[in-house]
Amino acid sequence: MSIGILGKKVGMTQVYDSKGVLHPVTVIQAGPCTVTQVKNNDSDGYSAIQIGYNEVKPHRLSKPELGHLTKNNLKAVTHLKEFRLEESELKKIGDILDVTVFNEGDAVDVTGKSIGKGFVGTVARYNFARGPMSHGSKNHRAPGSIGAGTGLSRVLKGKKMAGRVGAKRVTVKNLSVIKVDKERNLILVRGSIPGAEGGLLVIQPAVRVGK
Amino acid sequence: MSQQLIREVTQEQLNKNLPELQIGDSVKVSVKIVEGGKERVQAYEGVVIRMRGAGISKTMTVRKVFKGVGVERIFPVNSPMLESIKVLRTGKVRRAKLYYLRGLTEKATRLKERTLKGGIDRKTAKKK
């Protein structure tokens, strides 16, 4: 159980490390996040902290949202996220978490919402084979048979068919942190991460530091 | 805003000693090579036939003919592994990509040197 922070995807670029190796990196602008609520065993039956990210003008929030924050004299934020922690690790309300919770070389998991692709056919969605495009064929990108006929009289559950792709919560695990820039609140993570530029991300220490 | 941030992040890694390169330039690239813990410098000389990318990601393709075999190497121009890039000559070319050199014999690939009006070459003209 460990603390993560919230951030926004800025975009991708490349950077050199000290050995002169060029790495593809995603730039994430993360934090600073404020601790907005502390839960412990007595108050809620489990221990956790809630952090807030993305400061806005107070009138952008609804009254209940605002009340939750102003009762502790906190600034208005658009995003709240809870992290389960051991009771000994708990922070205080109003504490600030910034990119320095991560160090260069750390492994992190990054969660975001992938780019929506809309309604996609079976050829693109599941790599189904395409029919012949010419010689009189009318079967170009059709899915083919979807099951048995009169005997079964239904389509099996889970049959791969056309449908919506993307716009789902996706986590990319075990990315290494190449650089932490405290001044600009930036984290440079090796590799690509889900979502469009400007999309909300959750950056957490890797659940399983792998191979 | 976001592109600005990316530029700021990569700014400090840009090669400060990068000469003004043009397509058709004959260049001498000194590459650092790490071999068994030791570092040495190897020179590579050829003609810039392609440049692509911008900022930190900019690369150039340098072509030369070595023992009758065409060799092309792609260098990220901002790499810290490049000790230096020297422009030896500036070729007179009319294309941004000199792929046509690949089909030519060694003798035909020699490019005419580019000179500005009055016979001043680019480097001295810039100093004035």
Side-chain angles (χ1 to χ4, degrees), chain A residues 5-32 53-56 98-100 102-104 110 112-113 115 175-201 203, chain B residues 1-19 21 27-46 48-62 72-86:
Chain A
I5 52 174
L6 301 174
K8 272 177 192 165
K9 177 166 164 179
V10 175
M12 288 195 76
T13 182
Q14 299 174 310
V15 290
Y16 292 96
D17 66 13
S18 53
K19 284 179 190 158
V21 179
L22 192 55
H23 294 286
V25 294
T26 308
V27 183
I28 303 168
Q29 188 163 43
Y53 169 67
N54 196 21
E55 211 174 285
V56 286
D98 63 8
V99 289
T100 52
F102 299 110
N103 297 310
E104 276 169 38
V110 181
K113 196 178 188 184
I115 296 174
L175 299 170
S176 55
V177 175
I178 299 285
K179 203 170 158 189
V180 176
D181 186 338
K182 190 174 182 281
E183 250 166 65
R184 305 190 186 95
N185 288 313
L186 299 179
I187 305 178
L188 272 62
V189 164
R190 190 173 199 281
S192 57
I193 54 176
E197 288 168 13
L200 185 73
L201 302 167
I203 307 120
Chain B
M1 167 64 187
S2 58
Q3 286 307 308
Q4 174 72 27
L5 269 176
I6 289 173
R7 235 174 282 138
E8 281 175 25
V9 170
T10 51
Q11 193 72 43
E12 62 191 71
Q13 292 197 334
L14 293 178
N15 186 347
K16 272 130 203 140
N17 307 316
L18 192 67
L21 292 165
V27 290
K28 186 176 180 181
V29 187
S30 304
V31 194
K32 287 183 207 164
I33 294 173
V34 181
E35 246 175 3
K38 278 186 195 167
E39 198 179 88
R40 62 186 182 87
V41 175
Q42 195 178 58
Y44 182 88
E45 222 176 290
V48 179
I49 63 161
R50 162 173 67 178
M51 285 198 278
R52 60 165 292 278
I56 193 92
S57 309
K58 190 171 192 171
T59 65
M60 65 175 179
T61 303
V62 181
E72 284 178 19
R73 275 185 79 171
I74 301 170
F75 295 104
V77 295
N78 292 300
S79 170
M81 298 309 277
L82 301 185
E83 196 166 77
S84 69
I85 302 174
K86 266 184 214 147

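Lettering of chains follows the sequences in order, A, B, ..., and the numbering in each one begins at 1.
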> Relative to chain B, which segment of A:Lys179 carries a heavy atom at a distance below 4.5 Å: side chain, backbone, both, or neither?
Replying inline: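 When you check distances to chain B, only side chain atoms of A:Lys179 fall under 4.5 Å.
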
> Is it the backbone or the side chain of A:Val27 that comes under 4.5 Å from a heavy atom of chain B, or both, or neither?
Replying inline: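 Contact with chain B is through the side chain of A:Val27 alone.
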
> Where do A:Gly20 and B:Pro80 come nearest, in terms of heavy atoms and distance?
Replying inline: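 It is CA-CG, 3.7 Å.
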
> Is it the side chain or the backbone of B:Glu12 that comes within 4.5 Å of chain A heavy atoms, both, or neither?
Replying inline: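 It is the side chain, since no backbone atom gets that close.
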
>> Heavy-atom cut-off 4.5 Å, strictly under: side chain, backbone, both or neither for B:Thr10 against chain A?
In response: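 Contact with chain A: side chain only.
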
> By number, which residues in residues 181-193 of chain A have some heavy atom less than 4.5 Å away from chain B?
Replying inline: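 Checking residues 181-193 of chain A against chain B gives A:Arg184, A:Leu186, A:Leu188.
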
>> For the CD atom of B:Gln13 and the CG atom of A:Leu22, what is their distance to the nearest 0.5 Å?
In response: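 B:Gln13 CD to A:Leu22 CG: 8.5 Å, rounded to 0.5 Å.
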
>> Could you measure the distance from the OG1 atom of A:Thr26 to the CD1 atom of B:Ile6? Nearest 0.5 Å is fine.
In response: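 Reported value, rounded in 0.5 Å steps: 9.0 Å.
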
> If you draw a 6.0 Å radius around NZ in A:Lys19, do more than 12 non-hydrogen atoms from other residues or ligands fall strictly inside?
Replying inline: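 Not more than 12 within 6.0 Å, no.
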
>> Atom NZ of residue position B:Lys28 - does it have more than 12 heavy atoms of other residues, nucleotides or ligands inside 6.0 Å?
In response: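 Check fails, neighbour count at 12 or below.
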
> Below 4.5 Å, heavy atoms only, C-beta onward: do A:Glu197 and B:Gln3 meet side chain to side chain?
Replying inline: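 When only atoms from C-beta onward are counted, B:Gln3 and A:Glu197 do touch, with a gap below 4.5 Å.
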
